[in-house]
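Heads up: numbering here begins at 1 and tracks the sequence. Nothing here was measured: the structure is a model prediction, and the numbers come from that model.
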Amino acid sequence: QVQLAESGGGLVQPGGSLRLSCAASRSIFSRNVMGWYRQAPGKGLEWVSLINRDDGTTNYADAVKGRFTISTDNAKNTLYLQMNSLKPEDTANYYCNTVPFDARNWGQGTQVTVSS
C-alpha cells in the first residue's frame, strides 16, 4: 500500500525545469505542513521546501530559494514542486513527507538528474 507516491523526475539539462508531484493518502495529507526532501547518492537527507496547507506559508532551503516553488492541490491530496533553473547539484532522489518527517511514511522517491 503506497501512502506517498512521488513522480515527475527525470533527466534534464542544466537550466531546465521539472515539476514533481506527490500523491498522498488522506490521513497523511491531513497534516498541516507538508514538504519535499532530497538525498543524493552517498549523502544525507536534505530538507528542500515546505508548505503550510492551512495558511499557504512556504519556506525553502537556501540552495533552492528563488528557483523552486512548492504548492498543493488540497482537493487532490497532491503536493507539487516546480523546479526551474536546475543545476547539477540538484541531482538527487526527491521525496515528499510531512514536516517534520515521519520515518514510517517514506515513499520510493523520484530521481532527478541534472546533467549535460
Are [X] and [Y] side-chain neighbours, meaning at least one heavy-atom pair lies under 4.5 Å?
X	Y	value
Phe29	Thr72	yes
Val33	Arg53	no
Tyr37	Trp106	yes
Met83	Leu20	yes
Arg31	Asp102	yes

Does any pair with a residue in residues 19-65 pass disulfide (SG to SG under 2.5 Å), and if so which ones, sequence neighbours excluded?
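Every pair satisfying disulfide (SG to SG under 2.5 Å) with a residue in residues 19-65: Cys22-Cys96.
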What disulfide (SG to SG under 2.5 Å) pairs are there with at least one residue in residues 35-72, not counting sequence neighbours?
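Sorted pair list comes back empty.
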Applying a strict under-4.5 Å side-chain criterion to I, L, V, M, F, W and Y, I'd like to know whether [X] and [Y] cluster together.
X	Y	answer
Met34	Leu50	no
Val112	Ile70	yes
Ile28	Val48	yes
Ile51	Tyr94	yes
Val114	Leu18	yes

Residues Asp90, Lys87: salt bridge by 4.0 Å N-O rule:
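Salt bridge absent between Asp90 and Lys87.
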Trp36 and side-chain contact (heavy atoms from CB on, under 4.5 Å): which single residue from Val99, Val64, Leu79 fits?
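For Trp36, the side-chain contact (heavy atoms from CB on, under 4.5 Å) check succeeds only for Leu79.
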For the atom pair OH (Tyr60) and CG (Leu81), what is the distance rounded to the nearest 0.5 Å?
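Tyr60 OH to Leu81 CG: 7.5 Å, rounded to 0.5 Å.
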Drop me the distance from Thr58's OG1 to Lys65's NZ, to the nearest 0.5 angstrom.
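These two atoms lie 10.0 Å from each other.
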I need the minimum non-hydrogen distance between Ser17 and Gln82, along with the two atoms involved.
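For Ser17 versus Gln82, the nearest heavy atoms are CB-NE2, 4.0 Å.
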Around atom CD of Gln108, are there more than 12 heavy atoms from other residues, nucleotides or ligands closer than 6.0 Å?
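No, not enclosed.
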Are Ser25 and Ser27 close enough that a side-chain donor and a side-chain acceptor fall under 3.5 Å?
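Result is yes, a qualifying pair exists.
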Can you check whether Asn59's main-chain N or O pairs, donor with acceptor, with Ser49's side chain at less than 3.5 Å?
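Yes.
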